[in-house]
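Down below is the structure, laid out as structure tokens.
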Amino acid sequence: MRKKPPFPFVIGHRGSPRAAPENTLASFRQAARDGATWVEFDVCLTLDGRAVIFHDDDLDRTSDGTGPLALMPFDAIRNLDAGGWFGPDFAGEPVPTLEEALDLFADLGLGFNMEIKPDPGREIETAEIALTIARESWPAEAPAPLISSFSRISMATAKEVQPGWPRDLLFDRVAEDWKDIGAMLDVVSFGANHLHLSAETVSAMQDAGYGVMAYTVNDVTRAKTLKAWGIDAIFTDIPADMLKAFR
Ligand code: G3P
Ligand code: MG
């Protein structure tokens with residue numbers, strides 16, 4: 001018997017990134033204003049091991065920095081502008097720390113999916129640091145978050161550090177061994193690129209007892225097709241529009 005997945009159908013992908021710069025506190029606040037009850041974000045490590053919220057390997061696209069984030073210490077990351085590239089209203093928006101993001105979610109009553117995005121070779125360290133911070137700062141009485149990663153090593157580490165929090169293994173294309181690895185990592189769900197998902201795969205995963213999530217779905221018609229397949233959640237850059245469509 002499949003358990004009800006512990007997340008809503010619409011999840012703001014990196015916050016509300018069409019309306020505010022992705023993976024910033026402004027983006028998470030915007031998602032809450034949009035009506036989202038959950039957001040997804042990416043966590044990675046600075047050179048000196050601080051957990052910060054950022055998607056790309058390189059700083060260039062979403063900040064005024066250049067080069068790999070993983071090669072820069074926290075103090076330098078902290079001086080970057082992660083909002084001005086998006087628009088003048090957001091100039092000076094910093095790269096958030098994990099602690100800052102979690103404090104904001106607790107204040108706003110937002111649930112979250114923390115995606116662990118390790119630099120190659122730092123899969124264990126990234127998961128250990130992020131999960132330890134989250135365990136210490138997320139209120140015990142608040143609903144548990146969902147922990148995800150494309151990295152199986154980070155997922156195995158998450159299972160060791162915080163076994164009670166539900167896990168979601170991410171794929172681009174679903175791997176052939178999904179059933180074995182899902183059991184090994186004891187996940188509640190799988191997340192996959194919606195472009196590579198089929199109704200058959202969704203059914204097979206659900207029949208095996210797992211939830212299925214699809215990223216990144218920015219077209220309402222496509223979201224309705226996925227919903228008709230019975231998918232459990234979509235990550236979207238347009239949470240306001242999706243929530244309206246599925247009200
Ligand atoms: O968790 C879904 C999605 O965020 C995975 O891909 O590259 O947007 O982090 P990406
Ligand atoms: Mg992500």
Side-chain angles (χ1 to χ4, degrees), residues 5-25 27-28 31 36-45 51-63 68-70 82 86 95-96 98 101-102 105 110-120 122-123 126-127 130-131 134 145-155 158 165-175 178 181-182 185 187-197 201-202 205 210-219 222-223 226 231-239 242:
F7 39 75
F9 182 68
V10 174
I11 299 176
H13 180 239
R14 310 178 199 168
S16 183
R18 293 271 176 93
E22 66 177 60
N23 276 334
T24 63
L25 299 186
S27 186
F28 303 138
T37 55
W38 270 56
V39 290
E40 181 264 2
F41 66 89
D42 308 287
V43 64
C44 55
L45 293 184
V52 294
I53 313 302
F54 206 83
H55 177 271
D56 294 3
D57 294 340
D58 288 336
L59 294 160
D60 305 59
R61 182 180 62 89
T62 59
S63 83
L69 179 146
F86 187 88
V95 173
L98 177 56
L102 298 184
F105 301 155
L110 270 178
F112 69 91
N113 168 208
M114 177 165 78
E115 183 193 336
I116 300 163
K117 274 250 192 273
D119 200 42
R122 299 179 87 185
E123 291 85 358
T126 308
L131 264 296
L146 182 71
I147 307 302
S148 66
S149 188
F150 289 95
S151 163
R152 297 176 178 203
I153 300 172
S154 291
M155 290 290 282
W165 280 357
R167 285 172 295 282
D168 174 270
L169 180 63
L170 291 169
F171 298 111
D172 179 19
R173 280 174 200 281
V174 172
W178 64 265
I181 191 69
L185 295 171
V187 299
V188 297
S189 57
F190 296 104
N193 185 334
H194 77 97
L195 298 172
H196 305 316
L197 262 181
T201 305
V202 172
M205 287 176 160
Y210 298 102
V212 186
M213 313 173 83
Y215 70 88
T216 304
V217 185
N218 294 327
D219 179 85
R222 177 63 173 166
L226 294 165
I231 211 149
D232 296 285
I234 56 166
F235 297 98
T236 182
D237 295 336
I238 48 168
M242 287 296 180

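Whatever order the structure lists them in is the order used to number ligands and atoms, beginning at 1.
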Please name the atom of Glu115, limited to N, O or S, that comes nearest to the Mg ion (ligand 2).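 Considering only N, O and S atoms, Glu115 comes nearest to the Mg ion (ligand 2) through OE1.
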For ligand 1, which atoms, with element, lie under 4.0 Å from some heavy atom of [X]?
X      : result
Arg14  : 7 (O), 8 (O), 10 (P)
Leu170 : 1 (O)
Phe150 : 5 (C), 6 (O)

Using side-chain heavy atoms (C-beta onward) and a distance below 4.5 Å, is Phe9 in contact with Ile234?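 In short, these two side chains touch, coming nearer than 4.5 Å.
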With the side chain counted from C-beta on, respond yes when Met155 and Leu170 share a heavy-atom pair under 4.5 Å apart, and no when they do not.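 Of all side-chain heavy-atom pairs linking Leu170 with Met155, none is under 4.5 Å.
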So that I can tick it off, tell me whether Arg61 and Glu22 are bridged by a salt bridge, with the cut-off set at under 4.0 angstrom between side-chain N and carboxylate O.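 Result for this pair is yes, salt bridge flagged.
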Vertex the Mg ion (ligand 2): angle to OD1 of Asp42 and OE2 of Glu40, to 10°?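 Vertex the Mg ion (ligand 2), arms to OD1 of Asp42 and OE2 of Glu40: 100°.
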Looking only at protein heavy atoms, which one is nearest to [atom], and what is the separation?
atom                    : result
atom 5 (C) of ligand 1  : Glu115 OE1, 3.4 Å
atom 10 (P) of ligand 1 : His55 NE2, 3.3 Å
atom 4 (O) of ligand 1  : Glu40 OE2, 2.7 Å

Hey, looking at atom 8 (O) of ligand 1, which of His13, Lys117, Met213 has the closest heavy atom?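 Closest candidate by heavy-atom distance is His13.
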Any idea which heavy atoms bring Ile116 and Pro118 closest together, and the distance?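 For Ile116 and Pro118, the tightest heavy-atom pair comes out as O-CD, 3.3 Å.
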Which heavy atom of Leu226 sits nearest a heavy atom of Val217, and at what distance?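 Scanning both residues, the minimum pair turns out to be CD1-CG2, 3.6 Å.
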Only one of Leu131, Asp42, Val39 forms a side-chain contact (heavy atoms from CB on, under 4.5 Å) with Met114, so which one is it?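 The passing option is Leu131.
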Do Asp42 and ligand 1 have an N or O pair less than 3.5 Å apart?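 Min N/O separation from ligand 1 is below 3.5 Å for Asp42.
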Trp165 and Phe112 aromatic ring geometry - parallel, tilted or perpendicular at 30°/60° bounds: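 It falls in the perpendicular class, over 60°.
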